[in-house]
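What follows is a short report on a single structure.
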Amino acid sequence: METSNELIALAGNPNAGKTTLFNALTGSAAKVGNYAGVTVSVKHGEMRNSHGKALDLIDLPGTYSLSGGSPDQQIARGVLLGENDKIAKPDLVVCVLDASNLERHLQIALEVIELEIPVVVALNMIDQAEKTGLRLDPVKLSEELGVPVVPIQADKGKGIIELKQALGHPFPPTPEASWEKGDEASRRAFGLQVAELAARRPEAHTSTLSDKLDRVLLHPVLGWVCFIGIMFALFWSIFSFASIPMGWIESLQDWASGTVENTMAEGDLRDLLTQGIIGGVGSVIIFLPQIILLFFFIGLMESSGYMARAAFLMDGFMAKVGLSGKAFLPLLSSYACAIPGVMAARTIDSPKERLVTIFVAPWMSCSARLPVYLLLVPMLLGGSEGGAKQALIFLSIYVLGTLTAFVVARILRGKLGPDDIQSHFLLELPPYRLPQWKYILRHVLDRAWAFLRNAGTVILGIMILLWAATTYPKLDSDDPGEVLSHSIVGRVSVAIEPIVKPMGFDGRTGTAILTSFAAREVFVGSMAQLFHVNEADDDAETRNSIREILAAQTWPDGRKMFSPAAVISLLIFYIYALQCLPTTAVVARETGSWKWGIGQFIFMTVFAGLASLLVYQVAKLFGLS
Amino acid sequence: MSESSDWQTWAALSLVAITLLTFVIRGHRKKNSGCNHCGPENDC
């Protein structure tokens, strides 16, 4: 960031509310969550102080101390010490402290004060602190630390004006440490003494609502029952609530297709518009309501504080596979998208554990797989959507991906050997909070827009090219099957059918899998195109849903093509295959080597193919084909 | 081949060519731009 503005950095412990404050000061919509480790890179923005002066603001990853070893903490330390090549040393640091955990959060503020940079303390979440009966004295705290202290409630925007006033010119003078600089014991003792003076605790500990909820949600048995129940409810809702808006999108798609067919004469452009663009892209967009619901529920869990509880529950389990609980939050993030998950692995101190976490993260079923699952799962149950059985199959799919990731992590961890740096898992269990609706809504809209943009760019492009490949070279025939066989796709299908047939797929399904290596969602659009073109017009009118078209397909010997064995085999392939080029690129960057990115891609693709082959052959033995 | 289907074939082929070209240019530009794969909030 090359501006002449003065630079202010937000620093503090993880989950102190730095990003919420960053959003409040800059008007940005950076991702926030009620758990530690959401921010793993530096975020930049611009704000104005109370005099209207423009200031550059950076949001640093949370760190418990300036000697932390994980890559995200090294970034924060590098910037604060002026050792970062790309970011100048800040002119002022705003230390964001959680008022309800003042003793612990003060330590990082004291370390920053030792750096001899002007400091302002933002005492955040004062409402939470006061709810627990804590009596805070910001004036006393300011006197003891020698820096301005501003009580704020960043999520509600309270105290922001006062904070902007504290950032007015001239900046407050550089504070002087009144303890022995560089001596951890002296610093710790001073911090405890200041906390004692500035935050008076109630005589007896009163049990808060969070304590009561945690007695159930963190219970060794009840906690797991609740976790599975919450996940089941999530998947059931995704199926049930989305059916109405899906119907609207389907009607819109039919109307668009009908309008084009009624207004244009027969020809290639009309076919491209109806089959390629409206049929192909539309079959992917139809799953937008489910994507919105998935991200809404993820946002709800992140914002309420439940995500941290899920990590806590998993900690013991993680230890058994050679990973610490710290690895679970990156893995949880990967359920939305593997990329932020891979990046969140920066919070892990141990390089080997970080590598293993990055390697298995794409096995957590990301949202791009959702359209594929949503297409295939109802086919296992006779085509209708909704219901407990489908939710149960969905839950099993996610569990299978997760368990496989853990088994491979165990093996890989054993192969890599012990680590010089041990990863200590210190998980802060934040109090439950009412969800930040504004951010959840913003986050859901961002993800929905990303999905639509992907559909309108990459998927649209691939659908157009796929249409051309199913149409050319042209054959003057009225039989759609013959036309397809003569096309590029027809020839590719014939060539790859011997490879994919043992997995239960014909050449067209194999081609659809090939097209989805650019993006998984493409599979749904490709299947819609490749199987629609082979339909006689009369049949296409009666079987307008892609699932019905697929269910009607048969092999030349009359057997059902999409038998339960073939559908399960396809599902297995999509659970395990890494069909996401951006993930490969980010893995290469985060590990510092293309060897890992490409190795992971090859390993996961081969693993998916072999698992799919095995499952189909075993299912055949049980008569499911 | 009728006149209508003739212009439609050319129009469809032009769209296919533009798409191919866009993919090539996009791929080239992507090397130096951010990822933005799953929303704007990830600085990846």
Side-chain angles (χ1 to χ4, degrees), chain A residues 28-32 39-44 264-273 276-277 295 336-340 342-343 366-368 442-443 445-451 453-454 457-458 460-465 467-469 471-472 474 476 518-519 580-583 585-586 589-590, chain B:
Chain A
S28 312
K31 188 182 174 185
V32 293
T39 308
V40 290
S41 58
V42 180
K43 289 188 169 66
H44 300 262
M264 284 180 78
E266 258 187 57
D268 284 359
L269 187 61
R270 191 179 89 165
D271 287 350
L272 170 59
L273 292 174
I277 296 176
F295 282 110
C337 175
I339 290 176
V342 167
M343 290 178 67
C366 71
S367 61
R442 186 76 184 255
H443 182 56
L445 287 177
D446 282 345
R447 291 302 182 110
W449 176 239
F451 178 76
R453 200 191 48 232
N454 199 27
T457 52
V458 178
L460 172 69
I462 293 171
M463 288 299 109
I464 291 173
L465 297 181
W467 173 85
T471 310
Y472 304 109
K474 278 198 113 173
D476 206 8
C580 182
L581 295 177
T583 300
V586 169
R589 194 193 62 193
E590 293 293 305
Chain B
M1 195 179 268
S2 72
E3 209 173 289
S4 161
S5 65
D6 205 27
W7 77 259
Q8 284 207 27
T9 302
W10 280 112
L13 281 172
S14 304
L15 261 177
V16 172
I18 291 168
T19 307
L20 258 177
L21 201 66
T22 310
F23 267 117
V24 173
I25 295 169
R26 211 178 120 98
H28 186 70
R29 279 192 188 159
K30 199 93 187 169
K31 280 181 192 167
N32 296 317
S33 68
C35 158
N36 212 14
H37 171 68
C38 45
E41 78 270 26
N42 295 305
D43 295 337
C44 33

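The shown structure was predicted, so the numbers you read here are calculated from the model rather than taken from an experiment. First the proteins, then the strands, lettered A, B, ... as listed; each starts at 1.
- In this structure, A:W467 CH2 and A:L273 CG are separated by 9.0 Å, a value rounded to the nearest 0.5 Å.
- In plain terms, the two heavy atoms of A:M463 and A:G276 that are nearest each other are CB-O, 3.5 Å.
- Of the inter-residue distances, the one linking A:L269 atom CG with A:I277 atom CD1 reads 8.0 Å to the nearest 0.5 angstrom.
- Using a 4.5 Å cut-off between heavy atoms, B:I18 does not touch chain A at all.
- There is no contact between A:V342 and chain B, counting heavy-atom distances below 4.5 Å.
- Heavy atoms closer than 4.5 Å to chain B are found in the side chain of A:L272, but not in its backbone.
- Looking at A:F451, neither its backbone nor its side chain comes within 4.5 Å of chain B, counting heavy atoms on both sides.
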**Request:** Output, in order, the C-alpha distance, side-chain angles, deciding distance and verdict of side-chain contact (heavy atoms from CB on, under 4.5 Å) for A:I464 and B:F23.
**Result:** CA-CA 12 Å; A:I464 291 173; B:F23 267 117; over 6 Å; no
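- When every heavy atom of A:A519 is checked against every heavy atom of A:N454, the shortest pair comes out as CB-ND2, 4.5 Å.
- Residue A:L460 does not touch chain B at all, counting heavy-atom pairs closer than 4.5 Å.
- With a threshold of 4.5 angstrom between heavy atoms, A:R270 approaches chain B through its backbone and through its side chain.
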